[in-house]
Amino acid sequence: MAEDTYRITESGDDDLFRNFLWATYPHIKNIKNHPNRRLNFLTINEQARLQANMKKWMSD
């Protein structure tokens, strides 16, 4: 999801960016890291997991 976020922000497409802010950003803004820079899986909500899984299956 981090790579997709970077791609969307760098694309310059305002509609794509607005859609990202509406659909994805609220779910990924609360994801935290541990002090050793690993993701804290307890902070990833169900919507963020579903979004990541959908992106993965769409790319295959």
Side-chain angles (χ1 to χ4, degrees):
M1 287 193 50
E3 294 167 356
D4 193 49
T5 300
Y6 179 75
R7 182 186 59 81
I8 289 170
T9 56
E10 295 296 316
S11 72
D13 185 355
D14 290 339
D15 290 332
L16 187 62
F17 187 67
R18 274 190 233 114
N19 188 36
F20 165 77
L21 288 177
W22 171 76
T24 306
Y25 182 71
H27 305 293
I28 64 171
K29 72 178 180 178
N30 296 324
I31 297 173
K32 306 288 185 219
N33 288 335
H34 287 291
N36 63 359
R37 306 295 294 159
R38 292 184 179 178
L39 288 177
N40 181 352
F41 288 116
L42 297 175
T43 62
I44 300 174
N45 67 11
E46 184 179 2
Q47 291 295 334
R49 275 189 286 250
L50 291 172
Q51 185 85 6
N53 287 334
M54 181 188 67
K55 296 280 185 188
K56 170 69 174 134
W57 284 106
M58 288 179 69
S59 69
D60 286 346

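None of the values given here were measured: they were computed from a predicted structure. Both backbone and side-chain heavy atoms feed into the values below; hydrogens, waters and symmetry mates do not.
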Q) What residues, two or more places apart in sequence or in another chain, satisfy side chain to side chain contact (heavy atoms under 4.5 Å, CB included) together with Glu10? A) Tyr6

Q: Any chance you could pull the hydrophobic cluster mates of Met54, using side-chain heavy atoms under 4.5 angstrom and chaining through other members?
A: Met58

Q) Excluding sequence neighbours, so at least two apart, what forms side chain to side chain contact (heavy atoms under 4.5 Å, CB included) with Asn36? A) His34, Arg38

Q.
With rounding to the nearest 0.5 angstrom, report the CZ to OG1 distance, Phe17 to Thr5.
A. 9.5 Å

Q | Partner residues of Lys32 under the salt bridge (charged side-chain N to carboxylate O under 4.0 Å, His left out) criterion, sequence neighbours left out | A | none

(Q) Considering only residues two or more places apart or on different chains, which pairs with a residue in residues 41-53 satisfy side-chain hydrogen bond (donor to acceptor under 3.5 Å, both in side chains)? (A) Thr24-Gln51, His27-Asn45

Q: Only counting residues at least two apart or in another chain, list the ones meeting side chain to side chain contact (heavy atoms under 4.5 Å, CB included) with Leu16.
A: Arg7, Ile8, Ser11, Asp13

Q) Looking at CG of Asp4 and NZ of Lys56, how far apart are the two atoms once the value is rounded to the nearest 0.5 Å? A) 13.5 Å

Q) Do you reckon Ile44 sits in the same ILVMFWY cluster as Leu50, going by side-chain contacts under 4.5 Å, direct or chained? A) no

Q) With a cutoff of under 4.5 Å between side-chain heavy atoms, which Ile, Leu, Val, Met, Phe, Trp and Tyr residues group with Leu42? A) none

Q | Side-chain touch Asn40/Ile31, heavy atoms, less than 4.5 angstrom | A | no

Q) Which residues pass the salt bridge (charged side-chain N to carboxylate O under 4.0 Å, His left out) test with Asp14, sequence neighbours left out? A) none

